[in-house]
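These numbers were taken from a predicted model, which means no experiment stands behind them.
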Amino acid sequence: LFSKQRPVVRGTEKLFKTPVIDDHDLSPEAVENTLLGLSPFEATQKPEKPLHISVCNGDLRYAAYPLLGGHFLNDGITSAEAQINKQLNYALSDRHQLGIYPGEIGSSEIFISPNLEFKGAIIAGLGVLSQFTAYQLTQTVQQAVCKYLLDVDQQRQHSDNARSLGISTLIIGSGYGGLSIENSVRAILQGVQNANYRIQKLRDDAGPLIENLEFVELFEDATLSCFYSLRKIATEEERQLNIDINNKMMYVLGGRKRILTIGGENWWNRIVVKQKDNLDYKSDRTCFVFSASTGAARDLERDLFLSPKIIQE
């Protein structure tokens with residue numbers, strides 16, 4: 001007596017492709033979100049105005065807007081951060097030596113450039129290197145951009161300057177931090193979009209907005225990878241990020257080329273070393289636990305007993 005025709009109540013079936021996100025966060029909350037299929041990024045309402053994106057290959061001193069960079073906790077000022085420090089007359093190293101430099105997730109510092117060529121910098125804290133994730137990058141970018149927008153809002157109250165705002169950014173955490181270029185770009189976009197949404201909500205849709213976002217990269221191969229990642233994000237079906245990409249890459253002075261490696265950014269291996277509590281107080285030896293994150297379902301761990309006195313000598 002049952003019908004031999006398939007019911008059409010559910011309509012046509014749709015196939016949904018789950019985005020691949022390389023996240024090394026092993027906290028209980030992150031594991032629970034992964035098992036439940038929840039996104040690690042903060043869900044906010046999509047803004048009405050799209051975020052205009054451009055990609056630039058060249059030296060960071062030619063960035064069109066104040067440059068967003070990152071700093072890990074208890075780390076030195078090296079690489080691109082050292083170049084920013086040089087452009088700002090070593091203002092970063094002065095604060096770093098005084099212990100008032102950003103490092104924790106959510107901390108940030110805004111530096112106004114003394115010269116006309118370099119527009120300034122926004123340094124955001126990236127937390128501990130061994131615990132750094134794409135979600136933490138989204139959080140700290142969001143807080144840093146919110147702080148910058150509030151400063152701009154206060155300056156606008158004393159002037160009639162209503163020009164469109166923009167920031168330039170490095171591909172933060174894509175090498176030393178262990179994130180892929182796509183995950184870094186996606187986290188930065190989400191952080192800027194979240195900041196725009198929160199400021200508009202705070203100011204009843206009358207606050208300043210980041211309308212232009214420029215990615216600046218020194219090496220051409222990383223610039224191309226950033227550009228392709230942005231195109232991929234812009235063509236996703238769910239379109240969680242409202243972005244408008246400039247189809248032309250920009251080239252400025254100082255850009256470099258290098259031979260492409262097969263592994264790309266995946267050759268970075270994250271190794272965490274922790275010290276176990278020495279239960280045998282009579283022994284001079286202590287135990288160090290070395291764990292290597294290989295991207296598999298488990299972390300390889302190895303215990304190594306040694307004498308700290310020998311290492312000190």
Side-chain angles (χ1 to χ4, degrees), residues 17-44 46 51 53 55 68-73 75 80 102-108 122-146 167 169-198 210 213 215 217 222 225-234 236 238-243 264-272 293-297 299:
K17 184 178 179 180
T18 304
V20 179
I21 299 177
D22 297 329
D23 200 339
H24 299 283
D25 193 354
L26 300 179
S27 61
E29 295 81 6
V31 174
E32 181 179 357
N33 291 338
T34 303
L35 293 176
L36 296 178
L38 301 179
S39 173
F41 304 110
E42 181 181 351
T44 58
K46 186 188 298 185
L51 189 63
I53 310 296
V55 181
L68 177 64
H71 179 80
F72 286 101
L73 186 65
D75 201 358
E104 298 284 352
I105 294 294
S107 61
S108 61
I122 306 169
I123 305 298
L126 303 180
V128 182
L129 174 61
S130 60
Q131 302 175 0
F132 182 62
T133 63
Y135 176 67
Q136 290 182 333
L137 178 57
T138 299
Q139 284 184 313
T140 194
V141 168
Q142 172 184 317
Q143 297 295 336
V145 175
C146 282
I167 58 173
T169 179
L170 303 171
I171 310 176
I172 304 172
S174 61
Y176 184 55
L179 298 180
S180 65
I181 291 181
E182 181 180 346
N183 288 339
S184 173
V185 168
R186 190 185 297 270
I188 294 172
L189 291 175
Q190 187 71 61
V192 174
Q193 180 175 292
N194 291 349
N196 282 340
Y197 174 74
R198 296 190 66 180
I210 297 296
L213 179 63
F215 285 89
E217 174 57 40
S225 298
C226 175
F227 185 74
Y228 294 148
S229 298
L230 286 168
R231 294 292 298 271
K232 177 182 177 183
I233 295 173
E236 290 177 346
E238 59 270 16
R239 292 299 300 268
Q240 295 180 357
L241 298 169
N242 190 5
I243 59 177
E265 70 275 354
N266 298 326
W267 67 275
W268 289 92
N269 293 327
R270 178 175 295 180
I271 301 176
V272 180
S293 179
T294 60
D299 282 345

What is the minimum heavy-atom distance between [X] and [Y], and which atoms define it?
X: Ile210; Y: Leu51; result: O-CD1, 2.9 Å
X: Arg186; Y: Ile233; result: NH2-CG1, 3.7 Å
X: Thr133; Y: Leu179; result: C-CD2, 4.2 Å
X: Ala134; Y: Asn183; result: CB-O, 4.4 Å
X: Leu68; Y: Ala124; result: CD1-CB, 4.5 Å
X: Leu170; Y: Gly69; result: CD1-CA, 4.4 Å

Return the [atom1] to [atom2] distance between [X] and [Y], rounded to the nearest 0.5 Å.
X: Ile181; Y: Ser229; atom1: CD1; atom2: OG; value: 6.5 Å
X: Arg231; Y: Glu236; atom1: CZ; atom2: CD; value: 13.5 Å
X: Ile188; Y: Leu241; atom1: CD1; atom2: CG; value: 12.0 Å
X: Gln193; Y: Leu213; atom1: CD; atom2: CG; value: 11.5 Å

Check: Given the rule in the side chain to side chain contact (heavy atoms under 4.5 Å, CB included) test, do Leu129 and Tyr176 qualify, once you have shown the distances and angles that lead to the verdict?
Finding: CA-CA 9 Å; Leu129 174 61; Tyr176 184 55; 3.7 Å; yes
Item checked: Heavy-atom side-chain proximity of Ile53 to Leu189 below 4.5 angstrom ->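 They are in contact (side-chain heavy atoms under 4.5 Å apart), so the answer is yes.
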Indicate yes or no for a side-chain donor-acceptor contact from [X] to the backbone of [Y] under 3.5 Å, with no hydrogens or angles considered.
X: Thr138; Y: Ala187; answer: yes
X: Thr140; Y: Leu126; answer: no
X: Gln143; Y: Ser108; answer: no

Note to self: Taking side chain to side chain contact (heavy atoms under 4.5 Å, CB included) as the definition, give me every residue that meets it alongside Val128, ordered by chain and number, with sequence neighbours left out.
What the structure shows: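 Expected list: Leu73, Ser130, Gln131.
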Notebook entry, point to check: Sequence neighbours excluded, which residues qualify as side-chain hydrogen bond (donor to acceptor under 3.5 Å, both in side chains) partners of Gln139?
Noted result: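 side-chain hydrogen bond (donor to acceptor under 3.5 Å, both in side chains) list for Gln139, sorted by chain: Tyr135.
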